[in-house]
Amino acid sequence: MPAQLDQPTWDFLVQCLRSRWEPAALDAARSEATRPELDWPGLLEHVGPVGVGPLLYDAVRGRDLVPAPVEEALLWIYQQTAIQNAYVGMGLAEALDSLAAAGLPVIVLKGAALGEELYGNAALRPMTDVDLLFRADDVLAAVAQLEALGYGRVHDEPHPGLTLAYENEITLRRPGVVPVTLEIHWYLLDAPYYQERLATDWFWQTARELTLAGRPAQVLSPEANLLYLSAHLVLHHKGVGLRWFYDIATLVALSGALIDWDMLLEKAGAFHLVTPVQRVLAELAGEWAVPIPEAQLAEALALPVSPVEQRVVSWLTAPERPVAQRFWADLAGLPGWRARVPFALAHLFPSRNYMRQRYALDSDWLVPLAYPYRWVLGLRELLTSQAQSSKPPSS
């Protein structure tokens with residue numbers, strides 16, 4: 001339960017959201033709504049930022065479940081999301097047309113796919129950007145194709161080609177009344193350890209076609225989506241994020257009969273993603289009462305977690321991850337020194353242009369001084385984090 005909400009308010013929210021796959025949950029929500037301690041202002045303050053306001057509105061509208069001012073406020077959130085997503089949807093449609101014309105295969109990920117597939121209405125699932133997966137060999141051509149539509153890179157590279165070699169995404173943005181942001185992926189996770197071990201070919205081989213923004217598009221299979229979304233939630237967001245968690249809950253609840261659980265669990269073990277799957281399925285079955293076959297749930301929770309996975313997950317989900325710690329974790333995740341040495345040199349010695357932009361230097365002679373400054377900053381952040389973590393908790 002989020003710290004911002006009390007238990008009655010959280011229970012009401014959960015029952016309303018569960019009604020998407022369990023209509024009887026609305027009866028429980030109606031009972032919760034009569035409790036005098038239910039915090040309506042707190043509920044509104046919470047659901048907007050975490051991205052479930054439109055979904056809550058869809059559950060309660062016209063049912064006399066919430067006070068009229070609350071329903072009006074939820075309607076406003078829904079309308080704002082609909083406007084935002086309409087612009088994003090037009091950007092997605094244009095991008096899909098352009099990529100198809102260039103013969104560049106693409107898989108649409110996360111919110112842009114889930115809004116229509118799971119919720120039947122793109123306005124119900126807020127999107128801050130569109131995530132697109134390409135084969136690594138197609139990334140530069142895809143970026144060039146999208147730049148021709150007016151998109152530009154958001155971040156500079158320490159060295160040309162470094163992002164493609166060691167990262168998993170390039171962010172493109174096109175300005176406008178509502179700016180549209182595209183996240184161009186070629187790996188699904190940003191940790192080098194998983195980039196080396198995640199068989200992206202399997203995600204492509206099991207992808208299926210869907211209509212998105214009025215265009216034919218590829219999306220992940222239910223098994224691949226459950227695996228990816230669980231890993232994204234746990235490893236990238238440390239298991240925190242109601243919108244992302246609800247996506248997975250809805251996916252399992254509505255697509256459970258289509259999921260090949262044996263395949264899912266086999267791939268979780270092969271890709272060293274047992275921990276994310278176990279954590280997510282346990283919460284789905286507990287807090288959200290998502291109908292998961294008992295035998296498959298038991299098998300998932302009994303899967304062994306390798307010592308290597310335990311170590312990598314602990315690095316990626318640490319409460320504090322200073323830059324130096326992330327650097328060493330990524331370095332350790334690479335397969336041998338032949339890969340580690342170029343990675344280390346590229347990050348320790350970025351290009352002169354990058355250093356001037358990154359540290360706002362107005363003279364070339366300052367650039368050599370910026371390198372030790374960069375290293376000292378990273379080391380100080382690491383030592384400060386370690387010192388704080390070693391302090392005894394206050395009583």
Side-chain angles (χ1 to χ4, degrees), residues 51 54 78-155 157 161 163-164 167-188 190 200-222 224-225 228-229 232 243-244 247 251 255:
Y78 170 80
Q79 291 171 334
Q80 294 302 306
T81 303
I83 294 170
Q84 165 81 20
N85 286 4
Y87 279 95
V88 174
M90 288 187 288
L92 173 60
E94 186 181 19
L96 290 175
D97 286 342
S98 178
L99 295 167
L104 295 169
V106 58
I107 294 176
V108 183
L109 302 171
K110 295 193 288 188
L114 299 174
E116 294 189 39
E117 181 182 15
L118 289 185
Y119 306 123
N121 178 354
L124 295 180
R125 175 46 165 85
M127 292 184 290
T128 56
D129 53 41
V130 174
D131 293 86
L132 302 174
L133 177 67
F134 295 88
R135 292 188 171 92
D137 291 343
D138 291 336
V139 169
L140 294 181
V143 169
Q145 195 73 16
L146 295 168
E147 285 177 336
L149 297 179
Y151 290 89
R153 296 200 188 201
V154 173
H155 305 294
E157 293 185 284
T163 300
L164 193 58
E167 302 296 336
N168 77 314
E169 67 181 33
I170 293 171
T171 303
L172 304 177
R173 183 170 297 139
R174 184 172 65 184
V177 177
V178 176
V180 178
T181 302
L182 304 179
E183 297 282 358
I184 307 305
H185 298 264
W186 51 100
Y187 292 119
L188 288 169
D190 67 1
T200 309
D201 285 348
W202 175 73
F203 291 87
W204 282 95
Q205 292 162 4
T206 57
R208 55 204 177 84
E209 193 166 289
L210 195 72
T211 299
L212 299 176
R215 307 296 193 275
Q218 290 192 90
V219 298
L220 295 177
S221 68
N225 226 351
Y228 166 57
L229 293 174
H232 178 264
R243 175 177 57 188
W244 297 306
D247 284 339
L251 171 67
S255 306

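The structure presented is a predicted model; accordingly, all values stated were derived computationally and were not measured.
Of all the heavy atoms in Phe203 and Ala224, the pair that sits closest is CD2-CB, 3.5 Å. For Gly150 against Arg174, the heavy-atom pair with the smallest separation is O-CG, 3.5 Å. When every heavy atom of Pro126 is checked against every heavy atom of Gly51, the shortest pair comes out as CD-O, 3.3 Å. The nearest pair of heavy atoms linking Leu146 to Ala95 is CD2-CB, 3.8 Å. Residues Ala217 and Leu96 come closest through the heavy atom pair CB-CD1, 4.1 Å. Annotation for Ala112 and Leu92: closest pair CB-CD2, 4.2 Å, computed over non-hydrogen atoms.
Rounding to the nearest 0.5 Å places CG of Leu140 at 11.5 Å from CD1 of Ile184. Between the CG atom of Asn168 and the CG atom of Leu188 there is a distance of 8.0 Å, given to the nearest 0.5 Å. From Glu94, atom CD reaches atom CG of Leu149 across 4.5 Å, with rounding to the nearest 0.5 Å. Here the CG-CG distance, from Leu114 to Asp247, works out to 5.0 Å after rounding to the nearest 0.5 Å. Taking CG of Leu124 as the start and OH of Tyr78 as the end, the distance is 5.5 Å to the nearest 0.5 Å. Put simply, CD on Glu169 and CG on Leu182 are 11.5 Å apart, with the number rounded to the nearest 0.5 Å.
Within the 4.5 Å cutoff, side-chain heavy atoms of Thr200 are placed close to those of Tyr187. Taking 4.5 Å as the limit, some side-chain heavy atom of Leu220 sits within range of a side-chain heavy atom of Leu109. At least one side-chain heavy atom of Arg135 sits less than 4.5 Å from a side-chain heavy atom of Pro105. You'll find the side chain of Val143 reaches within 4.5 Å of the side chain of Arg153, heavy atoms only. Counting heavy atoms from C-beta outward, Val108 and Leu132 have side chains that approach closer than 4.5 Å.
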Apply the test side chain to side chain contact (heavy atoms under 4.5 Å, CB included) to residues Asp138 and Trp186: give CA-CA distance (whole Å), side-chain angles for both, the deciding distance (0.1 Å), then the verdict.
CA-CA 9 Å; Asp138 291 336; Trp186 51 100; over 6 Å; no

Is there a salt bridge (Lys or Arg N to Asp or Glu O under 4.0 Å) between Lys110 and Asp129? Walk through the geometry before answering.
CA-CA 10 Å; Lys110 295 193 288 188; Asp129 53 41; 5.6 Å; no

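Under a 3.5 Å cut-off, the side chain of Glu116 and the backbone N or O of Ala213 do form a donor-acceptor pair. At least one donor-acceptor pair under 3.5 Å links the side chain of Asn85 to the backbone N or O of Arg125.
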